[in-house]
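Following: one structure in structure tokens, then a few remarks.
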There are 2 protein chains.
Amino acid sequence: MQVIYAIFMKKAKKRSDCPVSTSLDIWGDKWSLLIIRDLMFAKECTYGDFLKAPEGIATNILASRLEVLEENRMIEKLDHPDSRAKVLYRLTKKGIDLLPIMIEINLWAEKYFPIPADRKEMLKEVKKDKTAFIKSKTKELERQGD
Amino acid sequence: MQVIYAIFMKKAKKRSDCPVSTSLDIWGDKWSLLIIRDLMFAKECTYGDFLKAPEGIATNILASRLEVLEENRMIEKLDHPDSRAKVLYRLTKKGIDLLPIMIEINLWAEKYFPIPADRKEMLKEVKKDKTAFIKSKTKELERQGD
DNA sequence: AATTTTACTTGCAAATTGCAAGTGCAAATA
DNA sequence: TATTTGCACTTGCAATTTGCAAGTAAAATT
């Protein structure tokens, strides 16, 4: 499986064998985790949805990040049920598994910066039972089709 | 405290109020988390130590990342006990608090890539009791002086 | 049939990165 | 004491990446 995939993946210019370095080679830039964030909060997004995010990613950068994330099997494309002109993007299991990292980033940020109320609400849930939150959110994101 | 520090911090060109975005504005590039990693594994590092890391960071990039991390109070400089020509870098509490993120990155990577044996050993400890591991490692990193 | 929406691509300027070669001070060596 | 070496950076420049604005093609709407 891994071998077969590897054929299609762009040469990852791996900087070292360190797992942190290898991870950053895939999603360690200013934009990728924001794309992942959008998919975790909205479950599915169109190209236009990503463009609407408050950070204002440039369209060519978005296209290039989506390409890299797809090549590395973090996200996948889906037919939009309503229109053939639209494309739905969704997290793969590999992408969903970034959830613990995403949560820890939010928790860290909450400790050192003021954060929006709705995000604070979510973290309240997280702090009640982190394991349960991850399990349930993962299940939610994993559900196929709809 | 926060306000006073803010005066000295370079304008952070915050892209949005999202905690993920705000975090990435500080350390969301290809190199910063590797510097943090080195400090977590070695506790204290000199400029030269960072340069020796297998990823091979360029010296000017290193200098610029260290500057940003210091401005944002993630790391701090220390006099080297052996020589005034050397500088020790150490994590602040804010930097040490990235430990849960660092651990989750390692756990994610372990699930999807082959990772070095020594790192796998560490993760074995983590998986025994994550909370305990973080607590003890944090204490270790917090110890002043030496 | 004409317009709008959607997902991109393209061209180019600006910013960032990476390499190689300095620089300046401290420490070790002759 | 003079000289060399080590260490923490800085500087200059080429190459890559980013960001902005405009364009394109197919599909949906009017």
Side-chain angles (χ1 to χ4, degrees), chain A residues 10-16 21 24-35 38-39 42 44-72 74-91, chain B residues 10-16 21 24-35 38-39 42 44-72 74-91:
Chain A
K10 234 176 216 169
K11 41 214 123 211
K13 45 188 163 164
K14 220 178 158 196
R15 289 176 293 173
S16 81
S21 155
L24 294 180
D25 285 340
I26 299 175
W27 47 260
D29 65 282
K30 290 244 180 259
W31 295 107
S32 295
L33 276 187
L34 297 181
I35 293 171
D38 289 345
L39 288 171
E44 285 168 350
C45 296
T46 62
Y47 193 87
D49 290 336
F50 293 121
L51 287 178
K52 274 179 233 142
E55 291 84 14
I57 189 170
T59 173
N60 55 339
I61 306 295
L62 175 57
S64 111
R65 292 297 154 238
L66 288 173
E67 195 189 347
V68 172
L69 289 174
E70 200 189 355
E71 279 166 4
N72 286 281
M74 308 292 300
I75 64 173
E76 60 193 357
K77 285 182 181 189
L78 228 86
D79 289 338
H80 195 289
D82 298 349
S83 155
R84 268 185 298 164
K86 294 185 186 178
V87 177
L88 275 183
Y89 287 92
R90 187 171 61 179
L91 292 170
Chain B
K10 234 177 214 168
K11 40 215 126 209
K13 47 189 164 165
K14 221 178 155 193
R15 288 176 294 174
S16 81
S21 155
L24 295 179
D25 285 339
I26 299 175
W27 47 259
D29 65 282
K30 290 244 181 258
W31 295 107
S32 295
L33 276 186
L34 297 181
I35 293 171
D38 288 346
L39 288 171
E44 285 168 349
C45 296
T46 63
Y47 193 89
D49 289 336
F50 294 121
L51 287 177
K52 275 179 231 142
E55 291 83 12
I57 188 171
T59 172
N60 54 340
I61 306 295
L62 175 57
S64 110
R65 292 297 154 238
L66 288 173
E67 195 189 347
V68 172
L69 289 175
E70 200 189 354
E71 280 166 3
N72 286 281
M74 308 292 300
I75 63 174
E76 59 192 357
K77 285 183 181 188
L78 229 84
D79 289 338
H80 196 290
D82 298 349
S83 157
R84 269 185 298 165
K86 294 186 187 176
V87 178
L88 275 183
Y89 287 91
R90 187 172 60 180
L91 292 170

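First the proteins, then the strands, lettered A, B, ... as listed; each starts at 1.
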Quick one: label A:S64 by what it contacts on the DNA or RNA (base, sugar-phosphate, nothing), any heavy atom closer than 4.0 Å.
-> nothing
Could you tell me how far apart [X] ([atom1]) and [N] ([atom2]) are, to the nearest whole angstrom?
X: B:L34; N: C:dT17; atom1: CG; atom2: P; answer: 14 Å
X: B:I57; N: D:dC9; atom1: CD1; atom2: C1'; answer: 13 Å
X: B:L88; N: C:dA26; atom1: CG; atom2: C1'; answer: 15 Å
X: B:N60; N: D:dA15; atom1: CG; atom2: P; answer: 16 Å
X: B:I61; N: C:dA20; atom1: CD1; atom2: C1'; answer: 14 Å
X: B:L66; N: D:dC7; atom1: CG; atom2: P; answer: 16 Å
X: B:L51; N: D:dT10; atom1: CG; atom2: P; answer: 13 Å
X: B:D49; N: D:dC7; atom1: CG; atom2: P; answer: 10 Å

Non-hydrogen atoms of [X] and [Y] that approach each other most closely:
X: A:H80; Y: A:T46; answer: CD2-CG2, 4.0 Å
X: A:C45; Y: A:D38; answer: SG-O, 3.7 Å
X: B:D25; Y: B:K13; answer: OD2-O, 3.9 Å

Could you pull out the protein-nucleic contacts involving nucleotides 3-5 of chain D (nitrogen or oxygen on both sides, under 3.5 Å)?
none

Is there a side-chain polar atom (N or O) of [X] under 4.0 Å from OP1 or OP2 of [N]?
X: B:Y89; N: D:dC9; value: yes
X: A:W31; N: D:dG19; value: yes
X: A:K77; N: C:dC8; value: yes

Please examine the side chains of A:Y89 and A:E76, heavy atoms only from C-beta on, and report whether any two atoms are closer than 4.5 Å.
-> no
Within-4.5 Å side-chain heavy-atom neighbours: A:I57 and A:L34 = no
Among the candidates D:dT10, C:dA7, C:dT9, find the nucleotide nearest to the side-chain atoms of A:K86.
-> C:dA7
Picking from D:dA8, D:dG19, C:dA7, the nucleotide nearest the side-chain atoms of B:Y47 would be D:dA8
Euclidean distance, A:E67 CD relative to A:N72 CG, rounded to 0.5 Å | 10.5 Å
Here the gap from B:M74 atom CE to B:R90 atom CZ, rounded to the nearest 0.5 Å, amounts to 15.0 Å
Give a yes or no on whether the backbone of A:T59 and the side-chain of A:Y47 come within a donor-acceptor separation of less than 3.5 Å.
-> yes
Hey, is the main chain of A:K30 close enough, under 3.5 Å, to the side chain of B:R15 for a donor-acceptor pair?
-> yes
Counting primed atoms, P, OP1 and OP2 as sugar-phosphate and everything else as base, the B/S/- map of nucleotides 22-30 of chain D against protein heavy atoms under 4.0 Å is B----SS--
